[in-house]
Structure formats: structure tokens, C-alpha cells
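Computed from a prediction, not measured in an experiment: that's the story for all the values here.
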Amino acid sequence: MTCGILLVTHPGVGPALLDVATRLLRHLPLKTEAFEVPFDADLDTLLPLASAAMRRVDGGNGVLILTDLYGASPSNLAAQLARLGTPARRVAALSLPMLLRVMNYPEQELDQLPATAAAGTRNGAIVDDA
């Protein structure tokens, strides 16, 4: 069994990253879904829908929830999701390098994936002085 990946983002961010990752990798090794949080969203209304998305990606070993901006509505919704009972971990600052890094380690357990995700974003930030 593997972990699932749920992207909880502002509109357009998650689906775009999933599209690019799928084109680059051809096949995503982990069950992944994007859940968009509208700017004027009522989080209490979205919680059951986001919970259903989390259950769809759960492969039996929990879900890694990746959000785009810590403290914003998607991150706050992710915090609520993490308290619902399905084993879940959250990481903010979602980027394409983060998502690709996670996909390259599908065998990792839920407790290892957050560090892998964070390393993807850290190592993907390059200052090019050229």
C-alpha cells in the first residue's frame, strides 16, 4: 500500500502542477488529486468535499497534503482535513520540484514524505547568477 497525495490550493495551481508532473513523468506512481479552494470559499462548506477527495487518494497508508501558501484558506482547510481521522501530514510551499520529488519516492511512508517534499522545494530553488 502507498500514501496518497492531495494538493489543496488556490484556483488553478494544483491542476496545473498535476498536468505538468503527469506530462513529465508520463505516469504518477502515487494516487494524486488536486482540490481547489475558491478565494471566497466557506471552508465549512468545502470540508466534506475535501474529505471525500482525501478518501479517494488514500491508498491505505495515509495522505500527504500539499498546500501552496501556509496560513491561507487552502492551508487552513488542510489543517481541518488532517484532524478528521485519516492519517495525514501537511506541507506548505507547494512547487513543481516538491511534487516531482515526492513522486520519485513512492515507496516512502507517510512519516518520511514531508521531509522529502520540503527538500524538493529547497533543492529546487536555484539562484543563477549568469
Side-chain angles (χ1 to χ4, degrees):
M1 291 193 277
T2 61
C3 295
I5 308 297
L6 181 62
L7 311 183
V8 181
T9 68
H10 288 93
V13 176
L17 289 173
L18 273 182
D19 181 52
V20 174
T22 301
R23 287 176 180 257
L24 291 173
L25 298 176
R26 305 225 195 279
H27 167 73
L28 299 182
L30 296 170
K31 200 171 201 179
T32 307
E33 188 171 321
F35 187 86
E36 297 177 283
V37 178
F39 289 103
D40 60 351
D42 174 8
L43 298 187
D44 291 332
T45 301
L46 288 181
L47 186 58
L49 300 171
S51 176
M54 187 164 71
R55 286 190 307 273
R56 284 193 298 271
V57 299
D58 185 11
N61 285 343
V63 177
L64 179 65
I65 305 170
L66 304 177
T67 66
D68 51 1
L69 182 63
Y70 183 79
S73 292
S75 176
N76 294 336
L77 181 61
Q80 291 179 2
L81 285 171
R83 292 190 293 266
L84 291 180
T86 298
R89 297 288 304 274
R90 297 177 296 135
V91 179
L94 175 61
S95 67
L96 185 58
M98 175 189 284
L99 184 57
L100 292 174
R101 178 80 174 228
V102 166
M103 291 300 162
N104 279 297
Y105 293 91
E107 74 286 350
Q108 286 190 348
E109 298 290 328
L110 184 59
D111 62 340
Q112 298 170 301
L113 279 174
T116 298
T121 291
R122 263 193 323 275
N123 296 340
I126 306 297
V127 176
D128 185 357
D129 294 327

**Student:** Treating Ile, Leu, Val, Met, Phe, Trp and Tyr as nodes and any side-chain heavy-atom pair under 4.5 angstrom as an edge, say whether Val57 and Leu77 lie in one connected cluster.
**Tutor:**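 Looking at the clustering, Leu77 is in the same group as Val57.
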**Student:** Test of understanding: with side chain to side chain contact (heavy atoms under 4.5 Å, CB included), list the residues that count as partners of Ala72, not counting sequence neighbours.
**Tutor:**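 Testing Ala72 for side chain to side chain contact (heavy atoms under 4.5 Å, CB included), a comparison that skips the adjacent residues, returns His10, Leu69, Pro74.
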**Student:** Ala78: what forms a side chain to side chain contact (heavy atoms under 4.5 Å, CB included) with it, not counting sequence neighbours?
**Tutor:**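 Ile65, Thr67, Arg90.
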**Student:** Can you pull the salt bridge (Lys or Arg N to Asp or Glu O under 4.0 Å) pairs that have at least one residue in residues 97-111, sequence neighbours excluded?
**Tutor:**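 Residue pairs passing salt bridge (Lys or Arg N to Asp or Glu O under 4.0 Å), neighbours aside: none found.
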**Student:** Between Thr9 and Leu66, is any pair of side-chain heavy atoms under 4.5 Å apart?
**Tutor:**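 A side-chain contact is absent here, since even the closest heavy-atom pair is not under 4.5 Å.
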**Student:** Would you mind reporting whether Ser51 and Thr86 have side-chain heavy atoms less than 4.5 Å apart?
**Tutor:**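 Thr86 vs Ser51: side chains apart.
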**Student:** So which heavy atom on Glu33 is nearest to which on Ala53, and how close?
**Tutor:**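 So the minimum-distance heavy-atom pair works out to OE2-CB, 3.4 Å.
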**Student:** For Glu36, check side chain to side chain donor-acceptor pair (under 3.5 Å) against everything at least two apart and list the hits.
**Tutor:**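 Side chain to side chain donor-acceptor pair (under 3.5 Å) list for Glu36, sorted by chain: empty.
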**Student:** Measuring from atom CG of Leu94 to atom CG of Leu7, what distance do you get when rounded to the nearest 0.5 angstrom?
**Tutor:**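 So the gap between those two atoms works out to 5.5 Å.
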**Student:** Just so I know, are the side chains of Leu81 and Leu6 near enough to count as touching, which here means a heavy-atom distance under 4.5 Å?
**Tutor:**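 Yes, their side chains come closer than 4.5 Å.
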**Student:** Taking only residues two or more places apart in sequence, or in another chain, which ones meet Ser75 in a side chain to side chain donor-acceptor pair (under 3.5 Å)?
**Tutor:**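 Ser75 satisfies side chain to side chain donor-acceptor pair (under 3.5 Å) with no residue once adjacent residues are dropped.
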**Student:** Tell me whether Leu28 is reachable from Val8 by hopping between hydrophobic residues (I, L, V, M, F, W, Y) whose side-chain heavy atoms are closer than 4.5 Å.
**Tutor:**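 No: no chain of side-chain contacts under 4.5 Å links Val8 to Leu28.
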**Student:** Check Pro97 against Gly120 and note the closest heavy-atom contact, atom names and distance.
**Tutor:**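 Heavy atoms only, the tightest pair is CB-O, 3.2 Å.
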**Student:** Output all residues satisfying side chain to side chain donor-acceptor pair (under 3.5 Å) with Asp42, sequence neighbours left out; order by chain, then residue number.
**Tutor:**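 If we apply the side chain to side chain donor-acceptor pair (under 3.5 Å) test to Asp42, skipping adjacent residues, the hits are Thr45.
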**Student:** Could you tell me whether the side chain of Val102 reaches within less than 4.5 Å of the side chain of Thr32, counting heavy atoms only?
**Tutor:**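 SC-SC contact between Thr32 and Val102 ruled out.
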**Student:** Mind checking side chain to side chain contact (heavy atoms under 4.5 Å, CB included) for Thr2 and listing every partner two or more places apart, or none if nothing turns up?
**Tutor:**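 Side chain to side chain contact (heavy atoms under 4.5 Å, CB included) check on Thr2 returns Leu30.
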**Student:** For the hydrophobic clusters of this structure (ILVMFWY residues joined by side-chain heavy atoms under 4.5 Å, transitively), does one cluster hold both Val37 and Val63?
**Tutor:**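 Same cluster: Val37 reaches Val63 through Ile, Leu, Val, Met, Phe, Trp or Tyr contacts under 4.5 Å.
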**Student:** Which residues satisfy the side chain to side chain contact (heavy atoms under 4.5 Å, CB included) test with Leu24, sequence neighbours excluded?
**Tutor:**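 Residues passing side chain to side chain contact (heavy atoms under 4.5 Å, CB included) with Leu24: Val20, Leu96, Leu100.
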**Student:** Could you work out the complete set of other residues in the hydrophobic cluster of Ile126, with links drawn between I, L, V, M, F, W and Y side chains under 4.5 Å apart?
**Tutor:**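 The other cluster members (ILVMFWY side chains, heavy atoms under 4.5 Å, direct or chained): none.
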**Student:** Can you give me the closest heavy-atom contact between Pro15 and Ala34, atom names plus distance?
**Tutor:**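 Of all heavy-atom pairs spanning Pro15 and Ala34, the closest is N-CB, 3.7 Å.
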**Student:** Determine whether Leu64 and Cys3 make a side-chain contact, defined as any pair of heavy atoms from C-beta on separated by less than 4.5 Å.
**Tutor:**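 No, side chains not in contact.
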**Student:** Can you list the steps and then say if Met103 with Leu99 is a side chain to side chain contact (heavy atoms under 4.5 Å, CB included)?
**Tutor:** CA-CA 6 Å; Met103 291 300 162; Leu99 184 57; 3.9 Å; yes
**Student:** Taking all non-hydrogen atoms of both residues into account, name the closest pair between Ala88 and Met54 and its distance.
**Tutor:**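 Result for this residue pair: CB-SD, 4.4 Å.
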**Student:** Would you check, one step at a time, whether the test side chain to side chain contact (heavy atoms under 4.5 Å, CB included) holds for Asn61 with Leu110?
**Tutor:** CA-CA 7 Å; Asn61 285 343; Leu110 184 59; 5.8 Å; no
**Student:** Sequence neighbours left out, what pairs pass salt bridge (Lys or Arg N to Asp or Glu O under 4.0 Å) with at least one residue falling in residues 118-130?
**Tutor:**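 Qualifying pairs: none.
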**Student:** Using a side-chain heavy atom cutoff under 4.5 Å and only I, L, V, M, F, W and Y, what cluster partners does Tyr105 have?
**Tutor:**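 Tyr105 clusters with nothing; isolated.
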**Student:** Any side-chain heavy-atom pair from Leu113 and Val91 closer than 4.5 angstrom?
**Tutor:**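 No; the side chains remain at least 4.5 Å from each other.
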**Student:** List for me each residue that meets side chain to side chain donor-acceptor pair (under 3.5 Å) alongside Thr22, sequence neighbours excluded, and say none if there are none.
**Tutor:**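 Thr22: no side chain to side chain donor-acceptor pair (under 3.5 Å) contacts found.
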